[in-house]
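Everything numeric here is computed off the predicted structure, so don't read it as measured data. Every chain is numbered from 1, with letters handed out A, B, ... down the list of sequences.
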Amino acid sequence: MWEELEQRGLTAGPNRAGVPHAIGCDSCGLVSHGSRTCPRCGYTLRQRKTNSLNRTWALLLAAALLYIPANILPVMTVISLGRGQPDTILTGVEQLVRSGLWPLALLVFFASITVPVLKLVGLVTMLIATHRGSAARLRERTLLYRIVDSVGRWSMIDVFMVSILTAIVRMGLIASIYPGPGVIAFSGVVILTMLAAMSFDPRLMWDAARTGKKP
Amino acid sequence: MSRLPLTLTASDILRECPDCGLFQAVPALRPAAVARCPRCSATLRRTRRNPVAAPLALATTALVLFAIATSMPFLDLSLRGYGRETMLASGPLALGGEGMWEVGVVVLGTTMLAPVARIFGMVWVLAGMRMRRPPRGLHVVFRWVELLRPWSMVEVFLLGVFVAYTRLVALATVHVGGALYALAGLMLVMVAADAAMDP
């Protein structure tokens with residue numbers, strides 16, 4: 001009964017597993033209380049990641065804005081026998097499909113298009129659910145966070161590809177590849193969404209569900 | 001939802017789940033065991049059979065492979081008498097030359113600087129732990145090794161190489177240099193070293 005009351009936020013008791021004001025270190029995991037820095041590793045202790053929701057929103061908004069030029073502008077221009085052809089993220093996938101490289105096309109489509117969208121939509125969903133204090137599907141949302149956090153780096157495939165092609169294909173008008181402005185925007189999206197995932201604190205979802213209100 | 005035991009035995013350690021914030025007692029684990037959060041199933045701890053010597057050996061190998069990857073030719077292209085050789089650092093340099101130094105810095109950081117910093121850090125910490133008088137500040141170095149983990153993208157880079165390669169073979173003759181083989185080895189060794197550690 002006490003636990004039920006506590007879970008519904010009807011008691012004032014600290015829901016900290018009996019250890020008052022205990023904080024787990026984000027860096028080394030040591031649980032301590034009563035100090036500002038971790039006694040074992042010296043890292044600054046904080047109950048939750050600093051200003052987590054606002055930072056995540058800001059980074060996500062910036063990433064969403066950059067997402068538009070990242071997909072519209074060419075990531076590279078391929079010059080072959082004097083004729084130039086700009087390539088965007090999407091036409092790059094098309095090229096692979098046309099060459100019959102289906103598995104590779106799927107992989108690049110997943111890394112460059114699915115993953116950024118998954119990160120943007122996933123993090124926005126988690127943020128809204130946290131603001132609403134939702135208790136639905138907490139386990140699934142936590143799993144989604146782990147996926148979003150770990151899969152983000154794979155979107156860099158296209159940036160690396162452009163980097164390699166730019167370095168190696170330099171034969172003037174016969175065959176040359178130049179980087180396009182889209183690659184700046186695209187790498188910006190990848191880095192901003194990675195930072196957004198890092199600044200989001202999934203524990204806030206559980207806090208919000210417990211108290212039923214905005215943390 | 002699981003309830004916590006009221007008392008901790010001496011070998012238990014108290015942990016806060018990094019993903020859901022549940023405080024819980026993690027018992028002492030035998031080697032090669034995993035402790036998961038009962039509420040959200042996050043991995044709380046994963047122990048290894050040989051948590052110092054094995055990753056040290058792997059990280060030292062990675063250091064050697066990194067030296068090879070940066071000093072040997074990476075990809076060579078030949079087309080109608082024209083030839084071009086590249087090294088691992090040619091990509092970021094070319095991007096910088098095209099006025100895209102921001103992207104060049106990102107590529108340089110994620111494919112060369114972050115990996116080499118992590119490898120050096122791992123060797124330093126793991127070797128330091130085995131010394132009779134360990135050097136000071138090992139924990140600071142190790143924190144950086146962990147912080148840089150998501151930014152070290154050797155395995156992603158290799159997929160980028162693969163995609164670039166398939167587009168190049170349609171265009172000209174491509175020769176794969178020693179650096180690429182070293183990089184492939186580096187990726188495997190680094191993944192193995194990370195997996196062999198018990199943070």
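Within the 4.5 Å cutoff, the side chain of Arg167(B) has heavy atoms near those of the Asp87(A) side chain. The side-chain heavy atoms of Val163(B) and Leu101(A), taken from C-beta on, include no pair separated by under 4.5 Å. Phe162(B) places a side-chain heavy atom less than 4.5 Å from the side chain of Leu104(A). In this structure the side chain of Pro150(B) reaches within 4.5 angstrom of the side chain of Met198(A), judged on heavy atoms.
When heavy atoms are compared at a cutoff of 4.5 Å, Leu96(A) approaches chain B solely by way of its side chain, counted from C-beta outward. Looking at Glu146(B), there are no atoms closer than 4.5 Å to chain A (heavy atoms on both sides), in backbone or side chain. For a residue to count as touching a neighbouring chain, one of its non-hydrogen atoms must lie under 4.5 Å from one of that chain's; by this rule Ser41(B) touches chain A with backbone and side chain alike. There is no contact between Thr43(B) and chain A, counting heavy-atom distances below 4.5 Å. For Glu140(A), no part lies near chain B; criterion is any non-hydrogen pair under 4.5 Å. Residue Glu85(B) does not touch chain A at all, counting heavy-atom pairs closer than 4.5 Å. Contact of Leu138(A) with chain B is not made at all, since no heavy-atom distance falls under 4.5 Å. For a residue to count as touching a neighbouring chain, one of its non-hydrogen atoms must lie under 4.5 Å from one of that chain's; by this rule Cys25(A) does not touch chain B. In this structure, chain A has heavy atoms under 4.5 Å from both the backbone and the side chain of Ser90(B). Proximity to chain B (any heavy atom under 4.5 Å) is shown, for Tyr43(A), by both the backbone and the side chain. With a 4.5 angstrom heavy-atom cutoff, Val108(A) touches chain B only via side-chain atoms.
Rounding to the nearest 0.5 Å gives a distance of 6.5 Å between CD1 of Ile168(A) and CG of Asp76(B). From Ser27(A), atom OG reaches atom CZ of Phe142(B) across 8.5 Å, with rounding to the nearest 0.5 Å. Distance SG/Cys41(A) to CG/Leu138(B): 13.5 Å, rounded to 0.5 Å. Note that CZ of Arg149(B) and OG of Ser150(A) are 12.0 Å apart. Values are rounded to the nearest 0.5 Å. Here SG of Cys40(B) is found 7.5 Å from CZ of Arg139(A). Values are rounded to the nearest 0.5 Å. Note: Leu204(A) CG to Cys20(B) SG = 12.0 Å, rounded to the nearest 0.5 Å.
When His139(B), Met87(B), Glu155(B) are compared by the number of non-hydrogen pairs under 4.5 Å with chain A, Glu155(B) comes out ahead. Interface remark: of the candidates Val174(B), Val107(B), Leu158(B), Leu88(B), Val107(B) forms the most heavy-atom pairs closer than 4.5 Å to chain A. Per-residue heavy-atom pair counts under 4.5 Å with chain A were compared for Ala42(B), Gly104(B), Gly99(B), and the maximum is reached by Ala42(B). Per-residue heavy-atom pair counts under 4.5 Å with chain A were compared for Met153(B), Arg45(B), Arg84(B), and the maximum is reached by Arg84(B).
Under a 4.0 Å N-O distance rule, the pair Arg48(A)/Glu16(B) qualifies as a salt bridge. Remark: Asp19(B) does not engage Arg203(A) in a salt bridge, criterion side-chain N to carboxylate O under 4.0 Å.
Between Phe160(A) and Phe157(B), the shortest heavy-atom contact is CD1-CA, 3.3 Å. Contact record, Ser163(A) with Pro92(B): OG-N, 3.8 Å, taken as the closest heavy-atom pair. Considering every non-hydrogen atom in both Leu159(B) and Trp154(A), the closest pair reads CD1-CZ3, 3.4 Å. Closest of all the heavy-atom pairs between Gly180(A) and Met100(B) is O-CE, 3.1 Å. In terms of heavy atoms, Ser152(B) sits closest to Arg153(A) at O-NH2, 2.6 Å. A pairwise comparison of heavy atoms in Phe23(B) and Val31(A) identifies CE2-CG1, 3.7 Å as the closest pair.
Few gaps surround CZ on Arg46(A); more than 12 heavy atoms of other groups in view lie less than 6.0 Å from it.
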